[in-house]
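Note sheet for the following structure.
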Amino acid sequence: MTPELLAQILARTPGWAEQAADSGLDDTAITQILGEAAKLAEDTLSPLAARADETGCRVENGRVRTPDGYAAAYRALGEGGWLAADLPEDLGGMGLPLALHVAAALPMEGAALPFMMLPGSSRAAAFCLAANAPKLAAEWCPMLATGQWAATICISEPDAGSDVGRIRTKAEAVHGTWRISGTKCWISFGDHDMTDRIGHLLLARTGAPQEGTRGLSLFLVPDITEDGAPNGIHVERIEEKLGLHGSPTCVLRFENAQGVMIGTPGRGLPALFHMIERMRLQVGTQGAGVAATCAELAHRYAEDRRQGGAPDAPPLPLTAHPDVQRMLLTMRARALLLAALVLETACTLDMARAGDAQAEALAPCLLPLAKTFGGELGQANASDAIQLLGGAGYTREWPAERHFRDVRITTIYEGTTGMQAQDLVLRRLLKDETALAAFTARADACPEVADRFTAVVDRVKAAPPTARLMAADAVMRAAWVAQGCILAHRLAGMDAHSDRALDLWLALAPARMAEAEAAIDWALTQQD
């Protein structure tokens, strides 16, 4: 996706014009920023990702060694201001809108998703500290923004993945200092050699086990103490994974590690949500970036690859074949819609933080959609890229198979698809009438789909609990059909090729809604 096309999508995003004006950004500045981001992605991150996938990460003498070039690339991102452009200036950022950060991150995520895991967690940690611990933020945020230090999120445990209430890692106050002991797993960049210091934002139990999530508190646990000594954090292993070979996913053991409590005791999960929210948006951006990268890869290959046609004439480019055209249009539509979705989510989150009541109601609806369908459609485009490239796509000579492996995780981490559906449907649409009203208020261009979606929500609202749980995934998919139609109409008129792709998407929308309705019909037959 070209910077110019991405700038057009951004310009059509509700709320963006006001945010750009408030930040003193004109069209020239925006296009220049997006152009530089695209250049960095193509020239630096894409080759780095290819090498990292081959070499992977390893543990040597108890420490993780990352692929050659990682440390230099990370420091370059920090020096260029790319790590936390939307962080307030007094904390080391530039104070730019979240949507511009997301737009700039799109090509980088598409180029090197495994590498970008560390910028994502470090930036999210900076915002979490800024919201909950001003003194810690003053020390840590500027260092995180420059890339001198890094941060992780430590939630999952071997016996408590998504079931956060069963966390057993303990924090005990010993002579005025919190000491943390326990094991955490699935920690992206839990250890590495790219920065001088690593801070772990960690959930640990300060209350009784029977208190569930209410007995959890949030801590900052650095890998080294203030005097430079190791802080009782040990790398048990790096996970062997389907993809993300360039991202070390660590199991960490904490043995009486010193930590600083963030916020108040027993309120760790609400405090951590400042981090989780941004990381979920990053997941959507990862999927959107991969979708755009794979759509462009397939298009370039189809233009260059010649095959078929009359035997007594030169072979035709793949783009001349109607079925290939259909695949390319489908991939382009996914890329366009996902870019529009994550940008609208970012704009809406900023508007909500500024006190806009409608945005406050809408943002919690858009975020699960961005996280879920960014992942699903990113996977779909990676799969279709392999299909279009044929046998070549299945080989490591081309990056399609790497993108396919890397993006598969996006519907699992930071809250699985089922968790996103329950959040959207049970906690938002069925409980909060303002959320449904805010969601459908934007559907002027597609009233039929909006009406069908409203009817779906009304039916499920009257259902018993088991049926609601069974229907949640289908309701979320109906919501995406409605949201996709809103976005497709919003993007109409950018260029003829995009219009043709969006027309194909809209033509299939009624069938997608019917599929969701059929799944809901089945779910409503399920009883407690």
Side-chain angles (χ1 to χ4, degrees), residues 62 121-122 124-141 143-144 149-191 197-237 249-277 279 413-415:
S121 62
S122 296
F127 277 97
C128 183
L129 293 173
N132 296 290
K135 289 184 179 180
L136 283 174
E139 177 189 6
W140 277 81
C141 289
M143 304 299 283
L144 293 172
W149 293 357
T152 76
I153 182 170
C154 290
I155 300 178
S156 295
E157 299 181 4
D159 295 320
S162 300
D163 193 358
V164 179
R166 297 185 187 274
I167 281 176
R168 293 295 179 264
T169 294
K170 292 186 64 175
E172 297 180 314
V174 180
H175 303 302
T177 301
W178 287 100
R179 296 284 182 169
I180 288 85
S181 296
T183 299
K184 294 289 184 178
C185 61
W186 312 118
I187 312 304
S188 298
F189 284 92
D191 190 64
R197 203 177 190 195
I198 305 169
H200 302 286
L201 268 69
L202 177 147
L203 281 181
R205 185 159 298 285
T206 51
Q210 58 268 29
E211 292 182 79
T213 60
R214 294 183 181 277
L216 299 175
S217 301
L218 180 62
F219 295 87
L220 174 64
V221 187
D223 66 332
I224 56 175
T225 61
E226 293 294 338
D227 58 7
N231 193 24
I233 304 172
H234 308 277
V235 180
E236 294 279 283
R237 68 176 185 274
T249 304
C250 299
V251 177
L252 300 179
R253 187 177 79 258
F254 295 79
E255 291 186 348
N256 292 315
Q258 296 181 32
V260 180
M261 185 178 286
I262 299 171
T264 57
R267 298 291 295 166
L269 194 56
L272 191 62
F273 193 75
H274 290 279
M275 189 172 184
I276 294 171
E277 182 181 75
M279 293 186 74
Y413 59 19
E414 303 308 328

Salt bridge (Lys or Arg N to Asp or Glu O under 4.0 Å) contacts in which one or both residues fall within residues 203-221, not counting sequence neighbours: none

With sequence neighbours excluded, residues passing ring-ring contact (aromatic ring centres under 6.0 Å, His included) with Trp178: Phe219

Ser181 side-chain N/O to Asn256 backbone N/O, donor-acceptor pair under 3.5 Å: yes

For Glu226, side-chain contact (heavy atoms from CB on, under 4.5 Å) partners two or more places apart: Glu139, Arg197

Interatomic distance, Ile180 atom CD1 to Cys154 atom SG [nearest 0.5 angstrom]: 11.0 Å

side-chain contact (heavy atoms from CB on, under 4.5 Å) against Pro265, all qualifying residues, sequence neighbours excluded: Ser217, Met261

Side chain to side chain contact (heavy atoms under 4.5 Å, CB included) between Val235 and Val251, worked out: CA-CA 6 Å; Val235 180; Val251 177; over 6 Å; no

Value rounded to 0.5 Å, distance of CG in Leu269 from CD1 in Ile167: 8.0 Å

Under 3.5 Å donor-acceptor, Asp223 side chain and Ile198 backbone: yes

Residues that Ser121 engages under side chain to side chain donor-acceptor pair (under 3.5 Å), provided they are two or more places apart: none

Pairwise distance SG(Cys250) to CZ(Phe189) - rounded to 0.5 angstrom: 9.0 Å

Inter-residue atom distance Leu218.CG - His274.NE2, 0.5 Å rounding: 10.5 Å

Partner residues of Asp163 under the salt bridge (charged side-chain N to carboxylate O under 4.0 Å, His left out) criterion, sequence neighbours left out: Arg166

Salt bridge (charged side-chain N to carboxylate O under 4.0 Å, His left out) involving Arg267 - partner list, sequence neighbours excluded: none

Side-chain touch Glu277/Phe127, heavy atoms, less than 4.5 angstrom: no

Results of side chain to side chain donor-acceptor pair (under 3.5 Å) for Thr225 - residues two or more places apart only: Asp227

Listed once per pair and sorted, the salt bridge (Lys or Arg N to Asp or Glu O under 4.0 Å) pairs that draw on residues 170-191, sequence neighbours left out: Arg63-Asp191, Glu157-Lys184, Lys170-Glu172

Contact check, side chains of Arg168 and Asp159, non-hydrogen atoms, under 4.5 Å: no

Donor-acceptor contact below 3.5 Å, side chain Asn231 vs main chain Pro222: yes

Non-hydrogen side-chain atoms of Thr169 and Thr183 separated by less than 4.5 Å: no

Sequence-distant partners of Ser156, side chain to side chain donor-acceptor pair (under 3.5 Å), two or more places apart: none

Test side-chain contact (heavy atoms from CB on, under 4.5 Å) applied to Ala150 - qualifying residues, sequence neighbours left out: Tyr74, Leu118, Ser122, His192, Thr195

